[in-house]
Amino acid sequence: MDISPNTILIIILVIVSISFIFDQILDYINLKSQRSDIPGEIAGFYEKNKYLKSLEYHTELTRFSFLTSTFSFLLSAAMLLFGGFGWLDNLLHAYIQNGIMLALAFFGILMIASDILTIPFQWYSTFVIEEKYGFNKTTVKTFIFDKLKGYLLSAVVGGALLSALIYLVQSIGPNFWIWFSLLAAGFMLIVNMFYTSLILPLFNTLTPLQDGELKKAIEAFSRSVNFPLDNIMVIDGSKRSKKANAFFSGIGRKKKIVLYDTLIANHTTEELVAVLAHEVGHFKKKHIIWGYILSVIQIVFTLFVLSLMIFNENVSLALGAQQFGIHLNLLAFGILFSPISAVTGIIMNLYSRKNEFEADAYARQTFDGGALSNALKRLSVDSLSNLYPHPWYVFFHYSHPPLLKRLEALEHS
Ligand SMILES: [Zn+2]
């Protein structure tokens, strides 16, 4: 089947437009489902004023997101309609012949240009909105250094992966997807294993948790459930935001837990152990390993579909180019594949929400459901999270169940 460049361009524009409109509708109904009453379960944790402030926060976030997504939608639509991507490709062709260098320059320029264009939005979000609601702790210096380090990291990691992909496509042909799948799976494993020791320290400072009541309690719990805890680290999340978090790292035998200093500051020892018990639950129920397997399956499938159209010249021409280019087809594929990745995204979210319930149940069985409930309530209140998200919004976007559903499950199981 041979689809003309014009038809391909129309399909791309339709996908971009529908996904934009769809997102705006979801945002809108989610905003409309806000309610001004505080649910009884967490009334004790919330002052009326603070709750009303959380509603304002969400309204402001939604409006701002409408602004930013409209801006990027118009920008991509214009680039597509006026053949901007083809124009850039042509320009680069005058200086660069090598396919790998061409792809690196092409994506490098597009990424830097789009990031520079959206800096005002990122700035406003951090220093105006988050600041106004008392979350922001980022200094201008941190903001700038984060940007530079982010650029460096994507240049090194993204550049290496992109070069490998182009090299394999050029040298193996349509079967490149088998080899690149292996490479990607290995890469994900390495990132998973070394995330806390290599990547995180670029942006944050990690220190071992000091001896004391909390450390004793965590170690006692780990022993009681026979969990091979290797290390408890504290990360200075407070460098950027007052919002709190905790996570595990390590796919092998030795597990590392990372607690945000902001989490430790606002929770009791029981609550913190309950949060840890929830995370241990993810390990015990094999969610981590299945999450990895599912991601690998997703990557293999994506690369296979990519292999069906990577050599189609009409795809490059659809972007306004005068000749075929692997990088052009890659870019177009990113859009053409997005309806399919939206569907796999929904499936992954469904799976993730199921896992959250299971990890909560694990914490209730092995430690204390009440302590976990309190921790979840406090986390939710402190981050002004949305208590009444619209069910459709949850279905499409939430990787965790809404607070009230989790509390209900913790009480009635
Ligand atoms: Zn979880």
Side-chain angles (χ1 to χ4, degrees), residues 41-42 188 191-192 195-196 200 214 217-218 221-222 224-225 227-235 237 241 243-251 255-264 266-295 298 345-383 385-387 389 393-413:
E41 294 93 317
I42 62 163
M188 277 170 51
V191 168
N192 234 310
Y195 181 69
T196 39
L200 217 48
L214 178 60
I218 290 177
F221 173 77
S222 301
S224 76
V225 293
F227 181 77
L229 187 63
D230 177 44
N231 222 332
I232 311 166
M233 308 294 281
V234 181
I235 187 173
S241 171
K243 291 181 180 170
N245 203 351
F247 57 87
F248 266 107
S249 168
I251 256 185
K255 321 290 188 206
K256 219 181 242 171
I257 180 176
V258 180
L259 297 168
Y260 274 57
D261 55 354
T262 40
L263 187 76
I264 296 175
N266 292 327
H267 293 263
T268 65
T269 301
E270 275 68 38
E271 289 167 1
L272 290 166
V273 177
V275 169
L276 174 100
H278 167 98
E279 298 298 336
V280 171
H282 281 310
F283 265 102
K284 294 279 181 179
K285 303 276 174 190
K286 306 227 179 327
H287 297 157
I288 313 286
I289 199 80
W290 272 107
Y292 174 71
I293 293 170
L294 287 175
S295 312
Q298 220 175 327
I346 292 170
I347 297 171
M348 291 298 266
N349 275 342
L350 267 171
Y351 175 68
S352 166
R353 290 197 300 268
K354 173 195 79 78
N355 289 349
E356 291 308 319
F357 282 126
E358 283 183 11
D360 283 352
Y362 180 86
R364 182 175 52 78
Q365 285 150 15
T366 57
F367 188 66
D368 182 353
L372 183 61
S373 284
N374 283 344
L376 291 175
K377 288 174 193 174
R378 216 184 290 280
L379 272 170
S380 172
V381 170
D382 288 346
S383 62
S385 76
N386 189 356
L387 295 177
Y393 194 90
V394 173
F395 180 77
F396 286 105
H397 288 314
Y398 271 45
S399 62
H400 286 55
L403 175 72
L404 296 183
K405 292 262 187 295
R406 289 177 79 175
L407 294 179
E408 197 184 292
L410 271 170
E411 271 162 40
H412 304 287
S413 51

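Hydrogens, waters and symmetry mates play no part in the numbers below; they use all other heavy atoms, side chains included. Start at 1 and go down the list; that is how both ligands and their atoms are numbered.
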Given the rule in the salt bridge (charged side-chain N to carboxylate O under 4.0 Å, His left out) test, do Arg406 and Asp360 qualify, once you have shown the distances and angles that lead to the verdict? CA-CA 8 Å; Arg406 289 177 79 175; Asp360 283 352; 2.8 Å; yes
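- Asn349 and His397 share no side-chain donor-acceptor pair at under 3.5 Å.
- Under the side-chain contact (heavy atoms from CB on, under 4.5 Å) criterion, Ser295 pairs with Met188, Met348, not counting sequence neighbours.
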After noting the C-alpha distance and the side-chain angles of Lys285 and Asn355, does the key distance pass the side chain to side chain contact (heavy atoms under 4.5 Å, CB included) rule? CA-CA 8 Å; Lys285 303 276 174 190; Asn355 289 349; over 6 Å; no
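- Between the side chain of Lys377 and the backbone N or O of Leu403 there is no donor-acceptor pair closer than 3.5 Å.
- Residues His278 and Glu356 have side chains that bring a donor and an acceptor to within less than 3.5 angstrom of each other.
- Annotation: protein N, O or S atoms under 2.8 Å of the Zn ion (ligand 1) (waters excluded) comprise His278 NE2, His282 NE2, Glu356 OE1, Glu356 OE2.
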